[in-house]
**Q** 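One structure, pasted below without further comment.
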Amino acid sequence: SAVISQKPSRDICQRGTSLTIQCQVDSQVTMMFWYRQQPGQSLTLIATANQGSEATYESGFVIDKFPISRPNLTFSTLTVSNMSPEDSSIYLCSVDQVMETQYFGPGTRLLVL
Amino acid sequence: AQTVTQSQPEMSVQEAETVTLSCTYDTSESDYYLFWYKQPPSRQMILVIRQEAYKQQNATENRFSVNFQKAAKSFSLKISDSQLGDAAMYFCAYRSAGYTGANSKLTFGKGITLSVRP
């Protein structure tokens, strides 16, 4: 499986600010996914990022709040904008690999004060 | 839309014993994939096992095996010879087959916390 890294691994931010999370893969992948895991909850898909096109957002998530970039086949960023304490979550990126199996990065733990 | 249900929030097992984690799902599709992921305290999501719906044979990976009942829409995970390192949150997940893009997303259950007693 691909090796996936995320930066930062964790951060503490003030409300009203923005944070950009990076996801780097050691091989070229077509689809990258961004999930959110709120405290004590399951994972929810934020958006799907395909290189060279706009990200596709799930219901309840909007581009102004969670802008995503996908400049090439190994990299993506997710920005959490104008943060509030409700944005405190773990944010995970994942990629599609063989046999339609997704593998995950280590996650970014975000706390908003 | 597909749903995944894990009705047991917590389970406990004695080290070296066997435990079964339950998962049911609802779908109108005939071709799909089911997964179990493990999330230890480090929060890394780790793939445990994968099942293709068109395969009747249950998947097995070392101490981990599944009982896949397609008609009943049931997908349970059996962990044999439990080890302390198995303590984690376990998520059952569903994925439609043959799609790309947003339709290839994973739908997760709420997860179950497994503790292992020494």
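Just so we're on the same page: letters track the sequence lines, and every chain starts at 1. These numbers come from a predicted model, not from an experiment.
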**Q** Which bit of Gln102(A) comes within less than 4.5 Å of chain B, counting heavy atoms only: side chain, backbone, both or neither?
**A** both

**Q** Select one option (side chain, backbone, both, neither) describing which atoms of Leu43(A) are under 4.5 Å from chain B's heavy atoms.
**A** both

**Q** Can you see whether Ser69(A) engages Thr77(A) through a side-chain donor-acceptor pair at a distance of less than 3.5 angstrom?
**A** yes

**Q** Is there a side-chain contact between Leu106(B) and Phe33(A) in this structure, where contact means two heavy atoms from C-beta onward sitting under 4.5 Å apart?
**A** no

**Q** Tell me, for Arg43(B) versus chain A, whether the close heavy atoms (under 4.5 Å) come from the side chain, the backbone, both or neither.
**A** both

**Q** Show the nearest heavy-atom pair for residues Ser81(A) and Pro67(A), with the distance to one decimal.
**A** OG-CD, 3.5 Å

**Q** Examine whether an atom of Gln6(B) lies under 4.5 Å from a heavy atom of chain A, and if so say whether it belongs to the side chain, the backbone or both; otherwise answer neither.
**A** neither

**Q** Side-chain contact test, heavy atoms from C-beta onward, threshold under 4.5 Å: evaluate it for Phe75(A) versus Gln22(A) and give yes or no.
**A** yes

**Q** Does the gap between the ring centers of Phe104(A) and Tyr35(A) come in under 6.0 Å?
**A** yes

**Q** Where on Phe91(B) is there a heavy atom nearer than 4.5 Å to chain A: the side chain, the backbone, both, or neither?
**A** side chain

